[in-house]
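Below: one structure, written as structure tokens.
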Amino acid sequence: MPTVKVNDIQMYYERHGEGEPLVLICGLAIDLSENESIVRWLAKSYQVLAFDNRGAGRTDKPDMPYSIEMMAEDTAGLMQALGVKQARVIGTSMGGRIALALTLQHPELVKKLILVSTSARVIKSAGRTWRLRVGGLLSNLPLLRSNYPQPRYAFLRQLEASGSYNCLDRLPEIHAPTLILHGKQDKTVLYHLAEELHAGIAGSQMVMFKGGHIFFLFRERQPFLETIAQFLE
């Protein structure tokens with residue numbers, strides 16, 4: 001199993017395809033085995049680096065407070081350990097927040113940025129509702145049940161990290177070409193939060209889809225992939 005020591009953990013990763021590097025960052029409670037079909041498609045054109053975030057899959061799961069900034073440092077450390085000096089970066093949901101933090105903390109590593117079903121913050125007044133929606137979404141989708149089940153404590157550590165992150169005031173610091181993809185019916189990350197991202201990142205592009213939080217896994221998957229391909233050209 002390909003692992004590398006990064007910061008205080010062993011991280012599991014895979015590389016697929018050839019060409020310019022592309023880093024795929026998974027969302028809450030998701031490991032790379034659940035993104036295999038997307039990885040295969042991206043690997044037709046790029047060398048894809050996909051990995052399990054701390055707390056998920058085959059990466060270590062220390063029982064300690066996590067933060068989005070910490071997971072961004074994990075990502076940067078993995079890239080540096082593998083000799084990836086700069087890459088196109090795709091982050092979904094919590095992975096989008098990690099991608100935002102990576103871009104803010106290590107702008108030199110990010111050539112282009114794609115943010116999917118994510119936001120710069122979670123509205124505090126809706127914090128409990130957001131947690132219930134996320135938990136229900138993940139527990140009721142057999143499609144998202146991994147071969148490497150996540151311990152409940154690790155899920156809660158990731159959830160708290162994702163829910164407490166807020167980089168809204170720092171969005172103007174992001175200068176990498178950015179594409180925002182979001183479902184109009186997303187009830188986990190409300191659509192107006194994606195519009196907030198778009199307004200905060202100068203020159204960013206935004207494409208709306210009809211579906212919900214995981215629109216990219218269902219009927220709109222092909223247009224989602226085509227939109228990514230066009231942006232990454």
Side-chain angles (χ1 to χ4, degrees), residues 4 6-9 11-14 21-32 34-35 38-39 42 48-62 64-82 84 86-122 130 134 138 144 150 154-168 170-171 173-174 176 178-182 188-189 193-194 197 200-201 204 213-214 216 228:
V4 65
V6 176
N7 300 321
D8 60 324
I9 58 173
M11 292 187 71
Y12 177 83
Y13 70 93
E14 294 180 4
L22 185 152
V23 173
L24 179 64
I25 309 179
C26 296
L28 174 68
I30 303 299
D31 63 66
L32 69 88
E34 297 163 274
N35 279 323
I38 291 176
V39 169
L42 292 169
V48 180
L49 170 59
F51 57 93
D52 294 336
N53 292 312
R54 82 167 49 222
R58 286 163 278 185
T59 288
D60 286 348
K61 307 167 186 65
M64 59 180 284
Y66 299 175
S67 71
I68 292 298
E69 293 89 345
M70 177 190 293
M71 289 189 275
E73 288 300 329
D74 293 340
T75 305
L78 179 64
M79 292 175 66
Q80 290 160 359
L82 298 178
V84 180
Q86 190 179 58
R88 297 158 174 84
V89 176
I90 302 175
T92 62
S93 195
M94 182 189 76
R97 295 189 181 98
I98 297 171
L100 284 166
L102 176 69
T103 307
L104 289 167
Q105 292 163 214
H106 298 279
E108 74 284 356
L109 294 179
V110 182
K111 185 172 185 177
K112 287 189 175 183
L113 177 63
I114 298 179
L115 303 170
V116 184
S117 298
T118 196
S119 62
R121 62 181 180 126
V122 170
W130 176 75
V134 169
L138 295 173
L144 297 178
Q150 185 182 45
F155 170 75
L156 294 174
R157 294 296 192 185
Q158 285 193 339
L159 184 67
E160 181 57 33
S162 191
S164 61
Y165 185 64
N166 188 336
C167 68
L168 184 62
R170 296 193 63 192
L171 292 179
E173 299 175 35
I174 294 177
T178 301
L179 174 66
I180 298 161
L181 306 176
H182 211 90
T188 302
V189 180
L193 294 175
L197 266 184
I201 302 175
S204 61
H213 191 62
I214 50 174
F216 51 91
I228 285 177

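Small disclaimer: the values here were computed from a predicted structure and weren't measured.
- With a 4.5 Å cut-off on side-chain heavy atoms, Q80 and L109 count as touching.
- Rounding to the nearest 0.5 angstrom, the gap separating the CD atom in E173 from the OG1 atom in T103 is 11.5 Å.
- No donor-acceptor distance shorter than 3.5 angstrom exists from the side chain of T59 to the backbone of R54, with no hydrogens or angles considered.
- Counting only distance, with no hydrogens or angles, the side chain of S164 and the backbone of E160 share a donor-acceptor pair below 3.5 Å.
- Under the side-chain hydrogen bond (donor to acceptor under 3.5 Å, both in side chains) criterion, E73 pairs with Q105, H106, sequence neighbours left out.
- For the pair T75 (side chain) and M71 (backbone), a donor-acceptor distance under 3.5 Å is present.
- Taking every heavy atom of both residues into account, E34 and A29 meet most closely at OE1-O, 4.0 Å.
- S204 pairs in a side chain to side chain contact (heavy atoms under 4.5 Å, CB included) with only one of the listed residues (L179, T178, L113), which is T178.
- Using a 4.5 Å heavy-atom cutoff, the side chains of E14 and V39 are not in contact.
- Residues A176 and V110 share a closest heavy-atom pair of CB-O, 3.9 Å.
- Among residues two or more places apart in sequence or in another chain, the ring-ring contact (aromatic ring centres under 6.0 Å, His included) test is passed with F216 by F224.
- The only member of L193, V189, L197, V116 that meets side chain to side chain contact (heavy atoms under 4.5 Å, CB included) when paired with H182 is V189.
- When atom types are taken as modelled, the side chain of R157 and the backbone of M64 share a donor-acceptor pair closer than 3.5 angstrom.
- A161 and S67 get closest at one heavy-atom pair: CB-CA, 3.6 Å.
- Every residue two or more places apart in sequence or in another chain was checked for a salt bridge (charged side-chain N to carboxylate O under 4.0 Å, His left out) with E69, and none qualifies.
- Annotation: side-chain hydrogen bond (donor to acceptor under 3.5 Å, both in side chains) contacts of T118 (sequence neighbours excluded): none.
- The salt bridge (charged side-chain N to carboxylate O under 4.0 Å, His left out) search around D31 returns none, not counting sequence neighbours.
- Across all their heavy atoms, C167 and Y165 have their closest contact at CB-OH, 3.2 Å.
- At a threshold of 4.5 Å between non-hydrogen side-chain atoms, the residues V23 and L78 do not count as touching.
- Among all heavy-atom pairs drawn from K61 and Y66, the shortest one is C-OH, 3.5 Å.
- Residues satisfying the side-chain hydrogen bond (donor to acceptor under 3.5 Å, both in side chains) criterion with D52, sequence neighbours excluded, are absent altogether.
- What you find for Q158 and A56 is that their closest heavy atoms are NE2-CB, 3.8 Å.
- The line from CD1 of I38 to CD1 of I228 is 7.0 Å long, rounded to the nearest 0.5 Å.
- Between the CG atom of L24 and the OG1 atom of T92 there is a distance of 6.5 Å, given to the nearest 0.5 Å.
- Distance check, rounded to the nearest 0.5 Å: CD1 of I68 to CG of N53 gives 8.0 Å.
- Checked by atom type and distance alone, the side chain of R97 pairs as donor or acceptor with a backbone atom of S119 at under 3.5 Å.
- With hydrogens and angles disregarded, no donor-acceptor distance shorter than 3.5 Å links the side chain of D60 to the backbone of P62.
- Atom CE of M11 sits about 5.0 Å away from atom CG of D74, to the nearest 0.5 Å.
- In this structure, the separation between SG on C26 and CD1 on I90 is 11.5 Å, given to the nearest 0.5 Å.
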